[in-house]
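Scroll down for the structure; my scribbles are underneath it.
Counting convention: from 1, in listed order, for ligands and their atoms alike. In this chain, residues are counted from 1 in sequence order.
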Amino acid sequence: MRALAELSDAELAAAVAERGGQPFQARQVAHWLWKHGASGFDDLRNVPKRLRDALAADFALRAAVVRTAELAADGTEKLLLALADGEAVECVIIPDGERTTLCVSTQVGCPVACVFCASGLGGVRRNLSAGEIAEQVLLARGRLPTDRRLTNLVVMGMGEPMLNLDNLLPALQRIHDPDGIAMGARRITVSTSGYPRQMARFAAADPSYNLAVSLHAADDALRRRLVPTASHPVREIVAAAHDYFGQKGREVTYEIVLLEGENDRPEDATALVAALARLPCTVNLIPWNEVDEILAERGLRRPVNARVDAFAAALRRGGLNVTVRRQRGADRSAACGQLRLRSSGA
Ligand code: SAH
Ligand code: SF4
């Protein structure tokens with residue numbers, strides 16, 4: 001059964017009209033769904049019961065439910081969501097002072113297969129629909145205490161967002177829409193492992209979201225080892241990111257997942273400085289979150305803090321802006337894809 005949350009405004013208007021409803025009633029349904037976070041047809045209070053019943057006969061309201069929730073000591077809450085076809089994805093709520101950031105998924109699994117990532121271990125099973133992407137915000141919002149609201153959204157969960165732009169763009173519209181979830185575009189960041197053509201398409205879309213690029217290494221051969229399916233040279237990825245800045249006026253963030261002895265050596269810092277110096281950007285260093293299955297099989301290691309600090313210092317000496325991401329929710333397997341991995345044995 002399809003969910004109303006998966007319909008575009010035009011499809012919802014048609015579904016309501018087919019059941020004898022008026023266009024303003026379709027808008028009321030959307031309003032209940034996206035603005036008020038209605039979770040059942042009974043919540044749609046000013047929609048006539050006859051119309052509600054007719055819709056409920058053919059549609060679910062939402063496409064996902066929370067199957068499990070794991071709360072870490074630092075307040076990070078990781079949700080495993082069950083989808084209508086039995087698949088599962090994750091999203092993570094990350095409170096941090098005044099901010100509350102939600103990390104959402106775009107695909108079930110991921111086709112990119114980065115060597116350090118749990119999401120890519122079982123390949124990709126399917127794209128999420130626009131409704132399934134946007135609904136993660138509704139589900140997370142519904143769990144927050146009344147004195148907290150979602151302030152930021154990062155598209156950094158399972159999957160490669162640029163390989164599902166057809167569904168991601170309408171989902172972001174829904175999340176941004178002042179009549180819907182109403183989150184400002186400046187508070188929304190999409191992370192990609194680097195697809196120049198799709199980045200150009202993302203740049204052409206309105207409004208202007210923030211872009212993060214998972215670069216990991218500036219040397220092509222090393223990058224191909226870490227991101228085996230990456231077929232684009234670093235120079236093209238950086239050029240596409242720079243074009244994004246040119247078009248949108250938004251500084252790009254480059255993410256580097258640091259793996260001891262692999263991409264955290266002095267020469268790796270030198271190569272990054274050469275590739276990124278003089279570009280308006282920030283480099284975000286992410287010491288690898290260990291994934292047991294990968295640790296055992298591939299022998300990758302998280303660098304000790306001193307190595308991370310030395311790497312950051314080398315980049316700063318080269319003139320780059322650097323931030324270091326400290327681990328969150330570590331006691332509950334914070335790295336993306338791990339909860340699903342554990343629950344399914346995928
Ligand atoms: N596919 C997109 C977005 C999802 S991954 C991308 O790769 O950018 C979001 C970020 O988490 C990426 O920067 C990715 O490199 C990082 N990541 C994945 N697995 C990780 C792990 N085990 N530890 C730390 N960062 C990880
Ligand atoms: Fe996919 Fe991103 Fe994980 Fe790479 S890091 S496998 S692109 S989710």
Side-chain angles (χ1 to χ4, degrees), residues 76 78 89-92 94 101-128 133 136 153-165 168 188-196 198-199 202 209-217 223-232 237 240-241 244 252-260 262-264 282-298 300-303 308 323-330 332-342 346:
T76 300
K78 191 156 192 166
V89 288
E90 298 176 16
C91 64
V92 189
I94 309 156
T101 301
L102 175 68
C103 174
V104 296
S105 294
T106 52
Q107 298 182 303
V108 181
C110 183
V112 183
C114 302
V115 291
F116 49 80
C117 176
S119 297
L121 280 180
V124 66
R125 295 181 57 87
R126 69 171 173 84
N127 285 335
L128 295 189
I133 297 170
Q136 295 171 60
L153 181 80
V154 294
V155 184
M156 296 189 184
M158 297 169 60
E160 169 46 51
M162 292 299 137
L163 297 181
N164 189 15
L165 274 182
L168 176 64
I188 299 175
T189 301
V190 177
S191 173
T192 177
S193 55
Y195 289 81
Q198 288 84 343
M199 286 158 73
F202 186 58
Y209 306 107
N210 300 307
L211 180 68
V213 177
S214 299
L215 198 64
H216 308 310
R223 187 167 199 274
R224 221 170 295 116
R225 257 210 345 266
L226 301 175
V227 188
T229 59
S231 50
H232 301 282
I237 296 171
Y244 190 87
V252 170
T253 301
Y254 289 98
E255 297 161 282
I256 314 284
V257 171
L258 283 177
L259 298 156
E260 188 174 304
E262 301 280 336
N263 66 346
D264 71 341
T282 297
V283 177
N284 188 15
L285 301 179
I286 312 172
W288 184 51
N289 254 318
E290 291 177 350
V291 179
D292 287 345
E293 292 76 359
I294 294 177
L295 196 73
E297 255 179 55
R298 300 180 183 153
L300 298 177
R301 276 200 316 274
R302 173 189 175 90
V308 175
T323 56
V324 179
R325 190 191 293 173
R326 298 296 169 194
Q327 202 164 22
R328 298 295 313 260
R332 294 284 176 182
S333 58
C336 72
Q338 286 184 60
L339 195 59
R340 169 173 165 272
L341 189 71
R342 243 182 23 233

Query raised in the report: Which atoms of ligand 1 have any heavy atom of S193 under 4.0 Å away?
Result: 6 (C), 7 (O), 8 (O)
**Report entry** Options S119, G194, G159, A230, ranked by nearest heavy atom to atom 2 (Fe) of ligand 2, top entry
**Finding:** G159
Query raised in the report: For ligand 2, which atoms, with element, lie under 4.0 Å from some heavy atom of V112?
Result: 1 (Fe), 7 (S)
Query - Check against side-chain contact (heavy atoms from CB on, under 4.5 Å), L215 and I256 - result: CA-CA 6 Å; L215 198 64; I256 314 284; 4.2 Å; yes
Query raised in the report: Does at least one non-hydrogen atom of C114 fall below 4.0 angstrom from an atom of ligand 1?
Result: no
**Report entry** For R301, all residues meeting salt bridge (Lys or Arg N to Asp or Glu O under 4.0 Å), sequence neighbours excluded
**Finding:** E260
Query raised in the report: Should L226 and V257 be marked as a side-chain contact (heavy atoms from CB on, under 4.5 Å) after you check the CA-CA gap, both sets of side-chain angles, and the distance that decides it?
Result: CA-CA 10 Å; L226 301 175; V257 171; over 6 Å; no
Query raised in the report: Which of the atoms in ligand 1, numbered in the order shown and given with their element, are less than 4.0 Å from a heavy-atom of E160?
Result: 1 (N), 2 (C)
Query - Which segment of M156 sits under 4.0 Å of ligand 1 when only heavy atoms are counted - result: both
Query raised in the report: Can you list the atoms of ligand 1 that are under 4.0 Å from a heavy atom of H216?
Result: 15 (O)
Query raised in the report: ligand 2 versus C114, non-hydrogen atoms closer than 4.0 Å: side chain, backbone, both, neither?
Result: both
Query raised in the report: Out of S191, G157, A212, P287, whose heavy atom sits nearest atom 4 (C) of ligand 1?
Result: G157
Requested in this report: Sort out for me which residue in T229, N127, T106, T192 forms a side-chain hydrogen bond (donor to acceptor under 3.5 Å, both in side chains) with E160.
Outcome: T192
Query raised in the report: When rounded to the nearest 0.5 angstrom, what distance separates CZ in F202 from CG in L211?
Result: 6.0 Å
Query - Euclidean distance, L121 CG relative to E297 CD, rounded to 0.5 Å - result: 7.5 Å
Report summary line: CZ of R298 to CD of E262, rounded to nearest 0.5 Å, is 11.0 Å
Report task. Could you tell me whether the side chain of W288 and the main chain of L300 form a donor-acceptor pair under 3.5 Å? Result -> no
Query raised in the report: Under the 3.5 angstrom rule, does the side chain of N263 hit a backbone N or O of H216 as a donor-acceptor pair?
Result: yes
Requested in this report: Answer yes or no for C117: is there an N/O/S atom below the 2.8 Å cut-off from atom 3 (Fe) of ligand 2?
Outcome: yes
Report task. Identify, by atom number and element, the atoms of ligand 1 in contact range of W288, meaning under 4.0 Å from any of its heavy atoms. Result -> 21 (C), 22 (N), 23 (N)
Report task. Give the numbers and elements of all ligand 2 atoms closer than 4.0 Å to a heavy atom of A113. Result -> 6 (S)
Requested in this report: Quick one: look at N289 and ligand 1, take heavy-atom pairs under 4.0 Å, and tell me if it's side chain, backbone, both or neither.
Outcome: both
Query raised in the report: Quick one: does N284's side chain have a donor or acceptor within less than 3.5 Å of a partner on T253's backbone?
Result: no
Requested in this report: Can you sort out which atoms of ligand 2 are near S193, meaning under 4.0 Å from one of its heavy atoms?
Outcome: 7 (S)
Query raised in the report: What atoms of ligand 1 come closer than 4.0 angstrom to any heavy atom of G159?
Result: 1 (N), 2 (C), 3 (C), 4 (C)
Report task. Under 4.0 Å from a heavy atom of V291: give me the atoms of ligand 1 that qualify, with their elements. Result -> 22 (N)
Query raised in the report: Backbone, side chain, both or neither: what part of P111 comes under 4.0 angstrom of ligand 2, heavy atoms only?
Result: neither
Report summary line: Per-atom filter on ligand 1: closer than 4.0 angstrom to a heavy atom of T192 are 6 (C), 8 (O)
Query raised in the report: Applying the side-chain contact (heavy atoms from CB on, under 4.5 Å) test to L258, which of I286, L285, V324 qualifies?
Result: L285
Query raised in the report: Would you find a donor on one side and an acceptor on the other, under 3.5 Å apart, between the side chain of R223 and the backbone of A230?
Result: no
Query raised in the report: Any heavy atom of S214 sitting closer than 4.0 Å to ligand 2?
Result: no
